[in-house]
Structure formats: structure tokens, C-alpha cells
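Have a look at the structure below, then the notes.
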Amino acid sequence: MKINTVITHPFKDQRPGTSGLRKLVTVFQQPNYLENFVQSIFDAVTELRGGTLVIGGDGRYYNREAIQIILRMAAANGVSKVWVGRGGLLSTPAASHLIRKHNASGGIILSASHNPGGPHGDFGIKYNAANGGPAPEAVTNAIYAKSLEIYRYQILDTQNINLDQDGQIVLGEMLIEVLDPVQDYVELMEHIFDFDAIHGLFNSGMFNMRFDAMHAITGPYAEELFVNHLGGNLDWLLNCVPQTDFNGCHPDPNLIHAHEIVSLTANGDGVNFAAASDGDGDRNMILGRGMFVNPSDSLAIMAANAHHIKGYRDGIKGVARSMPTSRAVDKVASALGIDCYETPTGWKYFGNLLDAGRINLCGEESFGSSSDHIREKDGLWAVLFWLNLLAVRRQSVANIVREHWRRFGRNFYVRHDYEGLDLNIAQELVATVRSMLPSLPGQNFGPYQVVAADDFAYQDPVDGSVTEKQGLRIIFADEARIILRLSGTGTVGATLRIYLETYASDPKRHAQDLHAEIQPLADIARHITQLQQLLGRSTPDIIT
Ligand code: G1P
Ligand code: ZN
């Protein structure tokens with residue numbers, strides 16, 4: 001088969017964000033756009049020549065076309081072997097697992113995560129390293145640098161490849177192995193969790209759950225796990241047939257977009273556990289009857305209960321959370337006498353800590369948590385963790401959460417998102433607040449006194465690399481915080497995220513209304529940022 005060398009010109013906008021390169025489908029459909037980025041990966045990561053790759057995506061619109069292009073380019077760039085999920089599908093956690101299981105040199109994951117899909121939605125591409133995790137910044141910077149100087153790409157001249165059947169395909173000098181996207185992942189989960197205990201819970205006659213796959217990748221995984229392996233009821237599964245446009249929905253498991261299971265658990269009609277996952281299966285939302293488990297609390301509860309779970313029975317060495325994530329897990333770490341790391345937003349910063357064995361559990365407020373079993377966050381893993389915990393403790397979700405607060409105190413925590421902002425204005429707002437930071441300590445805002453204010457910088461304790469400007473922190477006495485940062489995953493305009501947190505150790509305060517507790521901080525944030533004047537907005541678009 002012939003290798004074509006195609007002359008091209010750089011696109012200036014291929015700098016990967018928080019999680020790979022995300023753009024509108026229409027941007028990726030421009031001639032050479034995807035090809036340029038893929039060639040930049042092969043040019044930057046030279047060990048892929050003669051190496052092995054895992055490729056798969058969340059099945060969104062353009063997944064199939066993109067995989068065909070990537071396979072032909074991989075063959076032309078000397079990759080020796082590729083594992084591909086059947087139909088070009090792999091959840092992000094399953095892809096991470098396969099990279100590790102097969103000692104692959106890396107992986108290419110096609111997804112825009114929780115962003116909407118379809119011809120007018122988003123698409124994305126991300127390179128993962130040999131540890132199974134998102135490539136570290138040094139690699140994404142190198143890929144970006146290559147994309148700015150690219151002048152040609154290489155592609156094999158061949159027909160489309162049939163990816164709908166398991167088995168081997170020879171493409172030029174490259175071997176493609178098409179495999180079941182679900183099976184290896186399910187086996188991994190069986191190693192970590194006590195399936196018999198969960199099976200017992202499911203068949204106790206007292207249990208009624210719902211899992212919402214949001215028309216995205218986790219549907220087939222959920223069916224295999226919850227129904228075929230754990231004996232759950234098929235009716236428990238909602239929206240489990242993956243669609244390329246997620247049925248026109250926003251596959252983001254939060255209180256707004258996964259409202260179906262929110263209402264099922266709110267009105268006490270017998271559903272005592274519900275969960276959802278996102279477009280590519282790495283996020284999770286956990287609900288009990290009348291109880292939304294804040295993702296930051298979920299991480300803390302997992303850490304405090306890890307000894308109940310087979311896979312973590314030997315104890316955990318350390319935990320990590322992204323900086324804006326509430327400090328609930330810090331309380332657990334100090335009680336357990338283990339390390340707790342605070343990293344910038346984005347899963348890639350957990351990789352070194354996990355690889356070095358410094359942490360076993362980590363998470364972010366943005367509905368993401370995981371452990372050292374892979375190097376991505378893992379939605380179904382979190383759901384199974386909770387199910388396993390319910391099976392062991394035989395308590396309701398709400399009781400587990402309340403008991404946790406009684407023991408460790410409650411971190412009241414809310415995130416406000418202002419979406420679709422003008423990028424320049426949003427950047428100006430952040431720059432203005434940044435310039436105010438040195439003058440804030442010592443100032444009082446109502447009952448709150450600022451004790452520290454900075455722009456978060458992180459030095460990786462494993463490789464010493466430094467990452468700066470990762471979010472503005474205003475820290476008050478009594479452990480309250482306001483954090484401000486701009487999203488790095490959007491594709492249009494800017495999104496301002498304001499994270500608000502207060503802490504109450506006194507159990508009498510734990511039943512207070514979350515939003516009422518947070519309101520004074522929201523007012524302070526509004527005052528400091530002058531967001532009404534600058535953005536013309538007084539209320540956030542999304543509150544989670
Ligand atoms: C968002 C979340 C972040 C997460 C990322 C990828 O990034 O805030 O925690 O790692 O999506 O799922 P952001 O848009 O805030 O840059
Ligand atoms: Zn995701």
C-alpha cells in the first residue's frame with residue numbers, strides 16, 4: 001500500500017487545553033485539521049514509530065471518520081500495532097486500562113467528554129502516555145509546537161477499514177487488533193470490587209437503583225456490569241443506547257443535565273440509589289434518596305471508607321484533589337495520617353503522584369474521581385465503589401454522608417459557572433482580580449477576613465516541574481475560600497468558574513441549606529470581581 005505525503009499548512013489554534021484539543025466538529029472537518037494534529041502527535045512522540053497504540057472514542061459524531069484517518073496515518077508513520085475498540089468505541093477509563101494492560105506506548109482518545117455532540121457539537125482528541133494517563137504538559141507543549149511548524153503529513157492510501165468485527169487486520173505493515181470495548185474493563189472492576197456483595201445487595205429486595213448513561217458510551221458497560229454480572233434489573237438502566245449526538249442532550253452528569261435521576265431520587269418513590277456518567281465515561285454523579293453527594297464529599301467518603309473495599313484493603317498511602325475541589329478529603333487524610341496533595345485542575349497532574357505510588361485515590365469537584373487502577377478518572381468505578389460500600393455498610397447514602405459530616409465536619413461547597421462570555425472581557429476580569437490579590441489579606445468582607453490570596457502555582461513533587469497561573473485563591477479565616485478560574489475545555493468564548501467553600505465542624509450546622517450557607521461568599525465574590533458591571537450578569541448559568 002502506498003504512503004502519501006500530503007503538503008499542509010499550520011493551524012494556529014491547536015494548543016491542547018485542560019484535556020486535549022477540543023473544537024467544534026466543523027473545525028475538525030476542515031481539510032487537514034485533524035490530520036495536522038495527528039501528525040504533530042507522531043512527530044512529537046517519536047517512540048510511536050515501531051511502537052504500539054490504543055485508539056478509541058466515545059462514539060460521538062465524527063468518531064468513525066476520525067478513527068479511519070488516524071489508523072491510516074498511524075500505519076504511514078510506522079506504528080507497529082494498534083488496539084481499537086470494536087466500532088471505534090472505548091470509554092476513556094477503558095482506554096486507559098488497555099494502554100496499561102498491553103504495555104502500549106500510548107493511546108489516542110477521541111472525545112469531548114461531557115460537551116454536546118452531533119454535527120454542530122464538539123469533538124476532541126487527546127494523547128495519553130504509556131502510563132495510561134493524559135500526556136503531561138511537556139508532551140502536549142511539544143505536540144503544539146510541532147503543529148505550528150507542520151508542513152506535511154503522511155497517510156496510507158487505502159480503503160476504509162472494517163472495525164465492526166473483533167479480530168486482526170493487517171494494514172500495510174501495521175497490525176490492527178479490534179477488541180471488545182467492555183470485557184477487559186469489567187474484569188478490572190471484578191478485581192477491585194466485591195461483586196458477590198453487590199449482587200447480594202441487588203437481590204435483597206430492598207434495593208432499587210437507576211443508572212443514566214446519558215445516551216453516551218457507558219450504556220453497554222453498565223448493562224454488562226449491572227445486569228449481566230451483578231444481577232440488576234434492566235429497567236434500572238436509563239438512556240443506555242449510545243447515540244452520536246447524545247440524543248441532542250448535554251451528557252454531563254450534574255444536577256441540571258441529569259435531572260431525570262435527580263427527580264427520581266427527590267420524590268422518594270422507591271429509588272434509593274442513582275448515578276450517571278458522562279459522554280466518555282470518566283465522570284460520575286452519585287445520588288441517594290433525598291441526597292446529592294457532592295463530588296468533593298464523595299472523594300472524602302471514599303478515602304474514609306477505602307478499607308471496606310477489596311482493592312484498597314491494604315490501606316491508602318495518600319490522596320490528591322485539584323485545587324478548587326473542596327477540602328473535605330484533607331480532613332480525612334489528616335485523620336488517617338496520610339499525605340494529601342493539592343494539584344492544578346485537570347487529571348494530568350495526578351499521573352506522577354499515582355505512578356510514584358504516593359497516592360491511591362484522587363478526584364476533582366467536577367464529578368471526577370478515580371484511583372491507581374488506571375490513570376484517568378472513572379465514572380463506573382465510582383458508582384461501583386458506592387454500591388460496594390452500600391452493600392458492606394447496609395446504610396442509606398444519606399446516612400453515610402451525614403455520618404461522614406459528623407465525624408469530619410461539613411464543607412459546604414458550590415461552583416458557579418458563567419458561560420458564553422466574551423474571552424477578552426473574561427480575561428480582563430481575571431487580570432483585574434489578580435492585580436488586587438496582594439492587597440486583600442487582612443481585609444474584612446462582612447464576617448469574613450481574608451488571610452491569604454494568591455494565584456495558584458504547583459510544583460510537581462515527583463519531577464519538579466512548575467505550573468503557574470492555575471486559579472486565583474482568596475482564603476478566609478474559618479477555612480472559607482473563593483476560587484476563580486477560566487475553563488480550559490470550552491470551545492466557544494469563555495466560561496468563568498467561581499468556586500465557593502465554607503466549613504462547619506459543628507453538627508448543628510450540617511443540616512443548613514447549602515445555598516444559604518454559601519450566599520455571603522457568593523456576594524463577596526460578586527463584589528470583588530465586579531462581575532455584574534463587567535459581564536452584565538448577576539446570576540450564574542450553572543450551579544453545581
Ligand atoms: C473541566 C473541569 C476539570 C476537568 C476537565 C476535564 O475543566 O473543571 O476538573 O479535569 O473539565 O474533564 P475546565 O473546563 O474547568 O478547564
Ligand atoms: Zn469525560
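Hydrogens, waters and symmetry mates play no part in the numbers below; they use all other heavy atoms, side chains included. Every number for a ligand or one of its atoms is a count from 1 in the order of the listing.
- For atom 12 (O) of ligand 1, the candidate residues are M323, K377, H114; the nearest heavy-atom contact is made by K377.
- Backbone and side-chain nitrogen or oxygen atoms of R485 are examined, and one is located within less than 3.5 angstrom of a nitrogen or oxygen of ligand 1.
- A heavy-atom distance below 4.5 Å is found between the side chains of I374 and S370.
- Checked for salt-bridge contact, D122 and K23 miss the test: no charged N lies under 4.0 Å from a carboxylate O.
- Only the side chain of R415 comes within 4.0 Å of ligand 1, judged by heavy-atom distances.
- Listed by number with element, the atoms of ligand 1 under 4.0 Å from a non-hydrogen atom of T345 are 3 (C), 8 (O), 9 (O).
- The pair D339-K317 does not meet the salt-bridge criterion, since no charged nitrogen lies less than 4.0 angstrom from a carboxylate oxygen.
- Counting only heavy atoms from C-beta outward, the side chains of Y221 and F211 never approach each other to under 4.5 Å.
- With respect to the Zn ion (ligand 2), D280 has OD1 as its nearest N, O or S atom.
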Stepwise side-chain contact (heavy atoms from CB on, under 4.5 Å) test for V262 and M285: CA-CA 10 Å; V262 174; M285 177 169 71; 4.0 Å; yes
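- Against a heavy-atom cut-off of under 4.0 Å, G346 is close to the following atoms of ligand 1: 10 (O).
- The shortest N/O to N/O separation between S487 and ligand 1 falls below 3.5 Å.
- Under 4.0 Å from ligand 1, the heavy atoms of S366 that appear belong solely to its side chain.
- In this model, no donor atom of one side chain and acceptor atom of the other lie less than 3.5 Å apart for D13 and Y144.
- Annotation for ligand 1: atoms under 4.0 Å from non-hydrogen atoms of R497 are 8 (O), 13 (P), 14 (O), 15 (O).
- The Zn ion (ligand 2) has an N, O or S atom of S113 closer than 2.8 Å.
- The protein heavy atom nearest to atom 10 (O) of ligand 1 is E364 OE1, 2.7 Å.
- Nearest N/O/S atom of D278 with respect to the Zn ion (ligand 2) is recorded as OD2.
- A side chain to side chain donor-acceptor pair (under 3.5 Å) with Y499 is found for exactly one of H416, R485, R481, namely R485.
- Among the atoms of D282, an N, O or S atom falls under 2.8 Å from the Zn ion (ligand 2).
- Put simply, the side chain of T244 does not reach to within 4.5 Å of the side chain of N63, judged on heavy atoms.
- Of all atoms in ligand 1, listed by their number and element, those nearer than 4.0 Å to a heavy atom of G488 are 13 (P), 14 (O), 16 (O).
- Using a cut-off of 4.0 Å between Lys/Arg side-chain N and Asp/Glu carboxylate O, R60 and D280 are scored as not salt-bridged.
- The pair R537-E419 does not count as a salt bridge, with every side-chain nitrogen at least 4.0 angstrom from each carboxylate oxygen.
- Of all protein heavy atoms, the one lying nearest to atom 11 (O) of ligand 1 is R283 NH2, 3.0 Å.
- Of the protein's non-hydrogen atoms, T489 CG2, 3.5 Å is the one closest to atom 7 (O) of ligand 1.
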